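Report on the following structure.
Just so it is clear, the model here is predicted, and its values are computed rather than measured. Note on naming: letters A, B, ... go to the chains in the order of the sequence lines (proteins, then strands), and numbering restarts at 1 for each one.
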2 protein chains.
Amino acid sequence: MQPYVLIVEDEDALATLLEYNFTKEGYDVGLAGDGEEALLLAAERTPDIILMDWMLPKLSGVEACRRLRRREETRNTPIIMLTARGDETDRITGLDYGADDYLVKPFSIPELFARTRALLRRSQPSLLEDIIRQGDIEIDVKAFRVKCGDTQVHLGPTEFRLLDHFMRHPGRVFSREQLLDAVWGRDVYVEARTVDVHIGRLRKAIKKTRKVDPIRTVRSAGYAFEIAA
Amino acid sequence: MQPYVLIVEDEDALATLLEYNFTKEGYDVGLAGDGEEALLLAAERTPDIILMDWMLPKLSGVEACRRLRRREETRNTPIIMLTARGDETDRITGLDYGADDYLVKPFSIPELFARTRALLRRSQPSLLEDIIRQGDIEIDVKAFRVKCGDTQVHLGPTEFRLLDHFMRHPGRVFSREQLLDAVWGRDVYVEARTVDVHIGRLRKAIKKTRKVDPIRTVRSAGYAFEIAA
DNA sequence: TAGAAGTGTCACATAACTGTAATACACTTG
DNA sequence: CAAGTGTATTACAGTTATGTGACACTTCTA
């Protein structure tokens, strides 16, 4: 749904400033105060992008960077380094150790946004799309609308998020647990069977204007979204 | 209609910064990295205004300027030169070769906006028209007037700003928090539910002369303005 | 300065959505 | 085909979000 940005910054004032701005811009924000915490948080939920301070307590930004690159899940996660010094040496070191971009403090928030978007566009274009289309089904995330062909379809919030998630990963099979994580949220306790019910509701809503069901049930595995070929 | 601004700037950071700000301000933005690209883009779609860096690869700003002036479509298009040097010589040369204004880097974004608006007002006043129309609803921002069809509608200040905001972003869903930010102001502490009340008041005022409600409630997300399709 | 207009909150009614459990159905396998 | 396992569907009760009128308070306006 929303891009998840992990902000690793030990300076409190800057951290809250960033958190405020990114939240407002529509990102999910995770905050870590040092390198170790960053690794933990990143393991818990893989970020879509990481902003990392160069100087960090416990584990420097560069080192954290290196370790993130060693992990499968974060190997290709874009990282932007925030550095106080501006000299060429740092730049090269930072980019060498796996950062994708860097910004020298003090930087402007709009510029940070611009770079963030640029990197996200490269790594996960679908996260920035406002309109996602699969076959004749189309959702507009900003407007919260769903269309099947030319007909508007009304969905409840959960069904909307569910469809959104499916359409961003067409063809892939998700277990009920994965769907709960992605659509309901990590720390929500809900029966796995509840997913079935919402899948049913989503199907029913779509069926009104579309004959073929785009959701495939994979017995004993989960569900997948696919437009019939 | 949004004004189309062509930004010609080879320095990436500045280019993204400008793109970001102009887009946010409601302009259509075209980006060119050098003089040649600028000429191509300008030929493709005639800009309403051009921001051009003085120093450019391939084709200097001054030269690009001259060539633009030779073309019929861009003969009267306002051009703002962005220059790093501030000396009188450059200024005169720049203006001689057809720039309408110039700014010395570093400049402030608001000032750039001000000059842009000034030039646009001179060349294409209609683009800055303070009348916004969506379907049969029309508001005159300067005069604080709202019309539904031919009937005047009276709105309180808050409802007016609310409608203004909605009509500038038709179709898009805004959360209560976003609306508070945009309509009430950043540092005003007001209950989120107060938005509901004002939405209600706005609806009631519009309903007097219009049967269909142009404001869509999106449960658990916020409100959106849209003229029924 | 009185009256009008506008503002922000609250309380309550209502509508929309959720999660669960029960039941019916489908598929697999021996 | 019968048992066993997994999924679809339905009904429902609980929960949450929204619509609205009332009201006290502030800010204009004549």
Side-chain angles (χ1 to χ4, degrees), chain A residues 1 144-146 152-166 173-208 211-226, chain B residues 144-146 152-166 173-208 211-225:
Chain A
M1 189 83 193
F144 278 82
R145 312 163 115 223
V146 182
Q152 287 274 350
V153 176
H154 177 84
L155 297 181
T158 307
E159 281 77 55
F160 186 86
R161 291 198 303 275
L162 192 54
L163 180 60
D164 178 78
H165 181 69
F166 272 131
V173 177
F174 293 98
S175 69
R176 292 177 176 71
E177 286 70 25
Q178 288 174 318
L179 289 173
L180 283 176
D181 263 13
V183 176
W184 274 255
R186 239 137 270 278
D187 21 53
V188 184
Y189 166 65
V190 167
E191 283 294 317
R193 290 257 139 245
T194 299
V195 174
D196 296 29
V197 176
H198 283 276
I199 291 276
R201 286 171 180 156
L202 178 53
R203 276 174 167 154
K204 193 190 325 187
I206 291 177
K207 192 164 56 184
K208 285 185 186 162
K211 320 93 203 255
V212 272
D213 181 3
I215 297 172
R216 179 166 58 105
T217 301
V218 182
R219 199 182 159 85
S220 82
Y223 300 93
F225 175 92
E226 44 203 343
Chain B
F144 270 74
R145 264 182 223 295
V146 182
Q152 284 275 350
V153 175
H154 176 81
L155 294 182
T158 307
E159 281 77 55
F160 185 86
R161 289 200 304 276
L162 193 54
L163 181 59
D164 177 74
H165 181 68
F166 272 132
V173 175
F174 293 97
S175 69
R176 292 175 177 71
E177 287 71 24
Q178 288 174 318
L179 289 172
L180 284 175
D181 264 13
V183 176
W184 274 255
R186 216 146 282 248
D187 23 51
V188 184
Y189 167 65
V190 168
E191 283 295 316
R193 288 296 260 97
T194 299
V195 174
D196 296 29
V197 177
H198 283 275
I199 290 276
R201 287 169 181 159
L202 177 54
R203 276 175 167 154
K204 198 202 276 191
I206 291 177
K207 192 163 55 183
K208 285 184 186 163
K211 321 93 204 257
V212 273
D213 182 4
I215 297 172
R216 178 168 57 112
T217 301
V218 180
R219 186 165 232 266
S220 86
Y223 299 94
F225 175 92

Atom pair [atom1] ([X]) and [atom2] ([Y]), whose distance is rounded to the nearest 0.5 Å:
| X | Y | atom1 | atom2 | answer |
| --- | --- | --- | --- | --- |
| Y223(B) | F166(B) | OH | CZ | 8.5 Å |
| L163(A) | L155(A) | CG | CG | 6.0 Å |
| T158(A) | H198(A) | OG1 | NE2 | 5.0 Å |

Atom [atom1] of [X] to atom [atom2] of [N]: distance rounded to whole Å?
| X | N | atom1 | atom2 | answer |
| --- | --- | --- | --- | --- |
| K204(B) | dA22(D) | NZ | C1' | 11 Å |
| E191(A) | dA21(C) | CD | P | 6 Å |
| F144(A) | dT18(D) | CZ | P | 11 Å |
| L180(B) | dT7(C) | CG | P | 14 Å |
| H198(A) | dT9(D) | NE2 | C1' | 14 Å |
| D213(A) | dT7(D) | CG | P | 15 Å |
| L202(B) | dG19(D) | CG | C1' | 14 Å |
| L179(B) | dG8(C) | CG | C1' | 16 Å |

Mapping A192(B) and R193(A) onto DNA chain C by nearest heavy atom, which one lands closer to the 5' end?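 Looking at the nearest nucleotide for each, A192(B) comes out on the 5' side.
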
Judged by each residue's nearest nucleotide on DNA chain C, which is more toward the 5′ side, Y189(B) or R201(A)?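 Looking at the nearest nucleotide for each, Y189(B) comes out on the 5' side.
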
[X] side chain N/O closer than 4.0 Å to the phosphate oxygens (OP1, OP2) of [N]?
| X | N | result |
| --- | --- | --- |
| T217(B) | dG19(D) | yes |
| R176(A) | dG6(D) | no |
| R219(A) | dT28(C) | no |
| T194(B) | dT9(C) | yes |
| W184(B) | dT7(C) | no |
| S220(B) | dA17(D) | no |

Smallest separation among heavy atoms of D213(B) and R203(B), with atom names: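 What the structure gives for the nearest pair is OD2-NE, 2.6 Å.
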
So does A224(A) get a backbone contact from the side chain of R216(A), meaning a donor-acceptor N/O pair under 3.5 Å?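 Not a single qualifying donor-acceptor pair exists.
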
Should we count CZ of R145(B) as having more than 12 external heavy atoms under 6.0 Å?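 No, the 6.0 Å shell around CZ holds no more than 12 heavy atoms from other groups.
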
F174(A) vs H165(A) aromatic rings, parallel, tilted or perpendicular, using cut-offs 30° and 60°?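 Because their plane-to-plane angle lies in the 30° to 60° range, the rings of F174(A) and H165(A) count as tilted.
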
Among dG21(D), dT18(D), dT20(C), the nucleotide that comes nearest once only the side chain of Y223(B) is considered: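 Per side-chain heavy atoms of Y223(B), the pick is dT18(D).
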
For DNA chain D, find the residues of residues 152-163 of chain B with a heavy-atom distance under 4.0 Å and give them by number; none if there aren't any.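 DNA chain D contact set from residues 152-163 of chain B: none.
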
